Amino acid sequence: MKKAIIAIVLISCAILLGWQIFQKATASLQQGGRRRGQPPVAVELSPVSKTTIVEVGSFTGSLNAYMEYKMAPKVSGRLERILVHIGDVLHKGQVVAELDSAEYQEEVLQAEAGLEMARATLAENRTLLGNAERELGRTQSLRKTKIASESQLDAALSEVNTLKAKLQLAQAQIAQKEAALKVARVHLGYTKLVVQHQDQAHRLVVGERYVDQGALITSNTPIISVLEIGKLIAAVHVIERDYSKIRPGLAAELTTDAFPGRKFTGQVLRIAPMLQEKSREAKVEIEVPNPDGSLKPGMFIRARVEFAKKENVTVVPREALIKRNGVSGVYLADLKENKAVFTPVELGIVTNKLAEVKSPALKGQVITLGQHLLSAGSKILVPDGNPPSGGGKRKGQAAGGENSKGSKPQPAGGKS
């Protein structure tokens, strides 16, 4: 038993000793390799250039009618006629539906008759009041000569006051009957649904029909829906990162699968004052002119909103950006020493292809491929076909380089 334990201990010590020797040998080889220098890293270059850069946000959403409402009668009755169908264009003053109006016409006739009766009563009371006032005058004259008694004078005066009160009541009844006639006529007018909201800037169409001719409907039962499609509202949602960049008045470009290759213009109209807590998104409404009516509510759209545009700024390819120790920067190519120089940069607008460098002032070539294998001062190898812009001829390379406009260089000694 003791011999087995001793053997295990000896074997463990041998393994540990061998591992330590292996680690020292590996470290020695690595140090020797560093002393001899790492092989150069093959890279690709791109020139620092000046150009116009545009920051654009891309969103998806749906089109909504600029205005939508339902037309419904304010009275009950049988739907006698409906004069429009879905898709019909509407105009101000157009009648779209009519209810059976016989009952409401009778109400108008009754109100007119009641008004005539009230007017007749008023005329009668005026006549009676005139007679009573003349009788009061005679009684007052007779009272002065002691022919009429005091009681007769009081009775005549009371009759005049009574008839004056009746006259005022008759006048009030006339006002009441006139109001009742107006209400009856209004109710009669409600049996016709007429388009009211319309001007030159609107294009109203029938969106849906909810009932058919002959249906018995109650008040406020929708008959049709009306859509304004002369201009539409594109509703999109922006995330928190883009919320501070968007503002009313920004230009937008819209596309939809219904019209491949066609672009529509719009303008940011309204921005929600809050973000939804669950999605961290805010609703943005874009006004889209639609004079020919080709766009329809409910269509899926893609919107590109131009946040900012800068001209004649220093840019580098986006793939040249890299982080070292948490600092964003680029590797500039020192083609005299054939090495990479890491340069921290302050960025501005960053698009899918380009990145604006606000500082420092850059010029020359940046490394766009192979930079992840580099460290400060690493040796680089520029393959054939990717020479420095404006540099001299190098062995195995072409003279000149591709400029910011993408013109291709001619090979050394080649024909122009």
Side-chain angles (χ1 to χ4, degrees), residues 69-83 90-199 210-211 213-224 226:
Y69 61 90
K70 295 178 174 63
M71 292 190 69
K74 295 183 179 180
V75 294
S76 303
R78 182 178 60 83
L79 185 59
E80 194 171 71
R81 291 194 303 164
I82 183 165
L83 306 173
L90 301 177
H91 306 282
K92 186 174 183 179
Q94 179 180 352
V95 177
V96 300
E98 294 181 357
L99 299 181
D100 182 9
S101 61
E103 180 179 349
Y104 299 101
Q105 288 176 346
E106 287 298 324
E107 289 182 359
V108 171
L109 294 176
Q110 289 180 2
E112 289 175 343
L115 178 58
E116 291 301 320
M117 290 181 62
R119 287 172 176 168
T121 301
L122 177 63
E124 180 183 7
N125 287 332
R126 280 176 176 167
T127 301
L128 293 175
L129 178 59
N131 295 335
E133 287 175 339
R134 287 192 295 272
E135 183 63 26
L136 175 61
R138 288 194 296 270
T139 303
Q140 288 174 335
S141 299
L142 293 174
R143 178 58 183 158
K144 289 179 181 179
T145 58
K146 305 297 183 179
I147 297 175
S149 64
E150 187 71 27
S151 61
Q152 288 176 326
L153 179 60
D154 291 340
L157 184 59
S158 175
E159 179 68 14
V160 168
N161 291 335
T162 300
L163 290 175
K164 283 182 178 179
K166 287 183 178 181
L167 183 63
Q168 290 178 346
L169 177 61
Q171 289 174 335
Q173 287 177 338
I174 285 180
Q176 182 184 36
K177 297 300 181 180
E178 286 176 343
L181 178 58
K182 288 182 180 179
V183 170
R185 286 173 175 169
V186 168
H187 287 170
L188 179 61
Y190 285 160
T191 61
K192 291 184 178 181
L193 265 70
V194 181
V195 178
Q196 301 291 343
H197 186 88
Q198 176 73 316
D199 56 39
Y210 300 109
V211 293
Q213 189 168 298
L216 187 63
I217 59 177
T218 59
S219 60
N220 298 322
T221 299
I223 294 180
I224 62 171
V226 178

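The model shown is predicted, which means the values in this text are computed figures rather than measured ones.
Counting heavy atoms from C-beta on, the side chains of Thr218 and Val75 never come closer than 4.5 Å. Looking only at side-chain heavy atoms (C-beta outward), Gln105 and Leu188 come within less than 4.5 Å of each other. Here the side chains of Glu124 and Lys166 are not in contact, with every heavy-atom distance at 4.5 Å or above. Taking 4.5 Å as the limit, some side-chain heavy atom of His187 sits within range of a side-chain heavy atom of Glu107. Using a 4.5 Å heavy-atom threshold, the side chains of Arg119 and Glu178 count as touching. Side-chain contact between Ile82 and Ile224 is present, with heavy atoms from C-beta onward closer than 4.5 Å. By the 4.5 Å heavy-atom criterion applied to side chains, Val96 and Val194 are not counted as neighbours. Contact annotation: the side chain of Leu136 never approaches that of Glu159 to less than 4.5 Å [non-hydrogen atoms, C-beta and beyond].
Here the OG1-CG distance, from Thr191 to Asp100, works out to 8.5 Å after rounding to the nearest 0.5 Å. For the atom pair Gln171 CD and Arg126 CZ, the distance stands at 6.0 Å (nearest 0.5 Å). Remark: Ile174 CD1 to Leu122 CG distance equals 4.0 Å, nearest 0.5 Å. A distance of 8.0 Å separates CG of Leu216 from OG of Ser76, quoted to the nearest 0.5 Å. One finds the CD1 atom of Ile217 at 5.0 Å from the CG atom of Leu99 (value rounded to the nearest 0.5 Å). Atom NZ of Lys70 and atom OG1 of Thr221 lie 12.5 Å apart (nearest 0.5 Å).
The existence of a salt bridge linking Arg185 and Glu112 is confirmed by a sub-4.0 Å separation between a basic side-chain nitrogen and an acidic carboxylate oxygen.
Although no hydrogens or angles enter the test, the distance criterion places a donor-acceptor pair under 3.5 Å between the side chain of Thr121 and the main chain of Met117. Of the possible polar contacts, none joining the Ser101 side chain to the Tyr104 backbone as a donor-acceptor pair under 3.5 Å is found.
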